[in-house]
Number of protein chains: 2
Amino acid sequence: MGLLSVRNRFIEKLRNFATLSDPAEAALEAATRNASKLPARRDLIREGDRPGPVFVVLDGWACRYKILPNGGRQILAYLMPGDCCDLHIGLLAEMDHGIQTITPAQVATISGGEMDSLLTDHRGFARAMYITQLVDEGTMRAWITSMGRRTSKERASHLLCELYLRARNIGLTDGIELVLPLSQIMLADSLGMTPVHLNRVLKELRLSGTIQLRRGSVAIVDPARLAQIAGFDENYLHRRLRPAIAG
Amino acid sequence: MGLLSVRNRFIEKLRNFATLSDPAEAALEAATRNASKLPARRDLIREGDRPGPVFVVLDGWACRYKILPNGGRQILAYLMPGDCCDLHIGLLAEMDHGIQTITPAQVATISGGEMDSLLTDHRGFARAMYITQLVDEGTMRAWITSMGRRTSKERASHLLCELYLRARNIGLTDGIELVLPLSQIMLADSLGMTPVHLNRVLKELRLSGTIQLRRGSVAIVDPARLAQIAGFDENYLHRRLRPAIAG
DNA sequence: CGGATTATTGAACCTGATCAAAGTTCGTGG
DNA sequence: CCACGAACTTTGATCAGGTTCAATAATCCG
């Protein structure tokens, strides 16, 4: 990476899933050059909105969420640096969920037409995007499984495992330490429990020496134990990929 | 539909999402001609298996599921006649969940290569498949929301609403009556609750005159009430679509 | 520095789980 | 065609995980 180039976490992520040609990287670089800085808690798009371009989070965190009639909130997924929303989002008439920044974030947009050309012109990019989508789906299935069949302690541990691994994959960890800009309220809204109960669960994990909590970060002191509590199997993140049969 | 042609529920479903050219329909007809009859409770593929071709359920029901270390099962989605699994499934090294028939079923397979040609040759088909995938994702998000933030009664009602609407969309209902080949055990494994408790919830819905239960079918006696209990918003099924901008 | 948001703890309560048993329905083989 | 066993449904009684309500402490942000 040259001195003048800023790292592009979107491209870095896609490289994990496929080989990108130089022209592909250049095109992606160009396509995400329009990134703008957004404050925390800013909606990129709301449920009911008509979808427009694809959002690419180049830096910072965001989340997908739904609000229920009774006012409750369910967080559906976290977008970390390099993540993006569904590539074909523009085919829909209406969003079935909202997307909001959690921290201040750098977000680029790629129009449907531009995305289509990128996909047809750069097969490596297309491949990487398809895999990305499969990973996102796998993650949703893991969440459903957690919510349905894991206890609150297992569930919280599972989410921490996931976030730790995802963060590590993109170089966001420092050893066992993970920068985690999520309040316990957000975590509780992800896990389908109350902040009060989550707080007690975290306390238990803390006291057993499994994790350490600071504001804005977690340290996974005993990863093996955490994974064992969670019944964590990282297969759904699909780091091991099928070797491509010819470019 | 000519006298000699058997209805192809896959094609019928896709027509809801995009206009298919005659050549496209012919190609799809040909691609699914290899369908074979499978018995109930037969795994199409298991967690950990290396994915092969795309499965298309032409008739009968199937489900995606995960088994947990402790033996518990979580059902992740239902595949009804016309539904198929992820179109890019072949890119992965390993399945993160299993797919199993529920009833005897007619299942066709489309190889990755064949799928790729179909997608490039028939844009309407590609469009329909992308929308299908977005609907599947929306459905998963609705399930996460249900599990996280709805009570058992709301959750059960929500699932019944979903299944009723999906069945009606493909002509599987008879008025308020819905053919539902799901045991209460399966429903409980979908909803993240015990069969015992689900049974009591269903009893309550039955006694309040909201639904009627027979073996293998449900009648939605009071759809408005059921939707109101569930807090059901059908937007995630994306029946209203964005009009295509040119072919 | 001051208001607002977040984290932590306690106590009472309730939804849904667990354990157990009886009643139904269904498929299969005799 | 009936009998049998297996799987599913239904009901009861008890228990526990997690919620709710409430109050205090800690932290952040402008």
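Just so it is clear: chains get the letters A, B, ... in the order the sequence lines come, proteins before strands, and each one is counted from 1.
Distances shorter than 4.0 Å separate none of the side-chain N or O atoms of B/Lys203 from OP1 or OP2 on D/dT10. Phosphate contact (OP1/OP2 of D/dT9, side-chain N/O of B/Asn199, threshold under 4.0 Å): absent.
Atom CG in B/Asp83 sits 6.5 Å away from atom CD1 in B/Ile170 (nearest 0.5 Å). The line from CG of B/Leu165 to CG of B/Leu160 is 11.0 Å long, rounded to the nearest 0.5 Å.
Applying a 4.0 Å cut-off to non-hydrogen atoms, the residues of residues 142-157 of chain B that approach DNA chain C are B/Thr151, B/Ser152, listed by residue number. Only at 4.0 angstrom or more do the heavy atoms of residues 186-194 of chain B sit from any atom of DNA chain D, so none qualifies.
Atom CG of B/Leu202 and atom C1' of C/dT24 are 16 Å apart (whole Å). The NE2 atom of A/His197 sits 16 Å away from the C1' atom of C/dA7 (whole-angstrom rounding). In this structure, CD1 of A/Ile211 is placed 13 Å from P of C/dA7, rounded to the nearest angstrom. The CG-P distance, from B/Leu198 to D/dT11, rounds to 13 Å in whole Å. Here the C1' atom of nucleotide C/dA7 and the CG atom of A/Leu213 are 11 Å apart, to the nearest Å. Distance CG (A/Asn70) to P (D/dT19): 14 Å, rounded to an integer number of Å.
Sequence neighbours left out, the pairs with a member in residues 172-188 of chain A that pass side-chain hydrogen bond (donor to acceptor under 3.5 Å, both in side chains) are A/Glu177-A/Arg214, A/Glu177-A/Ser217, A/Gln184-A/Asn199.
More than 12 heavy atoms of other residues, nucleotides or ligands lie within 6.0 Å of CD in B/Gln106, so this atom counts as buried by the packing criterion.
What you find for B/Leu191 and B/Met147 is that their closest heavy atoms are O-SD, 3.6 Å. Of all heavy-atom pairs spanning A/Leu58 and A/Ala108, the tightest one is CD1-CB, 4.1 Å.
Between A/Met140 and B/Ile144, the closest side-chain pair of non-hydrogen atoms falls below 4.5 Å.
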At under 4.0 Å between heavy atoms, which parts of nucleotides 21-30 of chain D does protein reach? Answer with one letter per nucleotide, 5' to 3': B base, S sugar-phosphate only, - none.
-> B-----SS--
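Between the side chains of A/Gln133 and B/Asp86, no donor N or O sits under 3.5 Å from an acceptor N or O.
Taking a cutoff of 4.0 Å between a charged side-chain nitrogen and a carboxylate oxygen, A/Glu162 and A/Arg166 qualify as a salt bridge.
Heavy atoms of B/Arg41 sit under 4.0 angstrom from primed sugar atoms or phosphate atoms, though from no base atom.
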Using nucleotides 1-3 of chain C, report all nitrogen or oxygen pairs with the protein that are shorter than 3.5 Å.
none

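Bending across the helix from C/dC1-D/dG30 to C/dG30-D/dC1, expressed as the angle between its end axes from five pairs apiece, amounts to 60° (10° rounding).
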